[in-house]
Amino acid sequence: FDVTGVWRIKDSGVPIKPTGQSKVIDGAKCDEQAIALTISMTEMAGSQMPPQAAEMMKDVKVRMDGSAWVAKSGPGVAEYIAFQSASAKQSLSTLTRAMPGIGSMGLDRIMESFSGASGLAYLTELKMEIEGGGEMAGMLKQFGDLKFTNRVTDVSTAPLPDELFAVPSDYTVLSK
């Protein structure tokens, strides 16, 4: 990461950087961070992609552009920053690699990039589009661009009740 305020997705050279714009979202002063990320489809799938599929996807990329409005102080911000940092260090995304369909979608790189963030994103808006040529890119482009919005509506640092983590009394393990 570039410590001058520009976070870089490891190995991509694509910055996530401050725009200089600020606004208040639900009482929190937030600074806008521009996001621009391009990941090849073969990189997203990693080694799990069969060679024939990798060949078909070799020129296909997913591009995400948008912004995140980040609060640098307030309730839960310090805890969130600590979580993001620990997640990257502990390779939390290793868990996601085992999930079918989510697995190696470059989430480890994305998680790592945001571990350098100095706040909590109250509003994130991203547009995702397919880039590249070939038959596969043409087919995927037919689905059109996807837009994602994530907005924090409440932040609490109150402890979670133990009941949330209790195993139900009627839970049983089935052996095969």
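Of all heavy-atom pairs spanning Glu129 and Asp145, the tightest one is CB-OD1, 3.1 Å. Taking all atoms of both residues into account, the shortest heavy-atom contact from Ala28 to Ala71 is CB-CB, 4.2 Å. Here the closest heavy-atom approach between residue Val62 and residue Met128 is recorded as CG1-CG, 3.2 Å. Pairing each heavy atom of Ser67 with each of Ile35, the nearest pair is C-CD1, 4.0 Å. Minimum interatomic distance between Thr124 and Ala68 (heavy atoms only, all atoms of both residues): OG1-CB, 3.9 Å.
Environment of NZ in Lys141: crowded, with over 12 heavy atoms of neighbouring residues, nucleotides or ligands closer than 6.0 Å.
Trp69 has its side chain within reach of Gln21: a pair of non-hydrogen atoms, C-beta onward, lies under 4.5 Å apart. Taking the side chain as every heavy atom from C-beta outward, Lys127 and Leu146 never approach each other to under 4.5 Å. Side-chain contact between Val70 and Cys30: absent, with no pair of heavy atoms (C-beta onward) separated by less than 4.5 Å. A 4.5 Å side-chain heavy-atom check between Leu140 and Met57 finds at least one atom pair inside the cut-off.
A donor-acceptor pair is defined here as one N or O able to donate and one able to accept, closer than 3.5 Å; no such pair exists between the side chain of Lys23 and the backbone of Glu32.
For the pair Lys29 and Asp31, the salt-bridge criterion is met [side-chain N within less than 4.0 Å of a carboxylate O]. A salt bridge links Asp65 with Arg63: the distance from a Lys NZ or Arg NE/NH1/NH2 to an Asp or Glu carboxylate oxygen falls below 4.0 Å.
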Side chains of residues 149-169: which donor-acceptor partners sit under 3.5 Å, not counting sequence neighbours?
unit_1 : atom_1 : unit_2 : atom_2 : d
Ser156 : OG     : Ala158 : N      : 3.1

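Residue Lys72 holds its NZ atom at 13.0 Å from CG of Leu120, rounded to the nearest 0.5 Å. Interatomic distance, OG1 of Thr172 versus CG of Asp170, reported as 7.5 Å (0.5 Å rounding).
When the side-chain contact (heavy atoms from CB on, under 4.5 Å) test is applied to Ser73, no partner is found at least two apart in sequence or on another chain. Partners of Lys58 under the side-chain hydrogen bond (donor to acceptor under 3.5 Å, both in side chains) rule, at least two apart in sequence or in another chain, are Glu55.
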Between Glu131 and Thr38, is the side-chain contact (heavy atoms from CB on, under 4.5 Å) condition met? List the steps.
CA-CA 9 Å; Glu131 293 182 342; Thr38 301; 4.0 Å; yes

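Grouping the Ile, Leu, Val, Met, Phe, Trp and Tyr side chains by contacts below 4.5 angstrom, directly or via other members, places Ile130 with Phe148.
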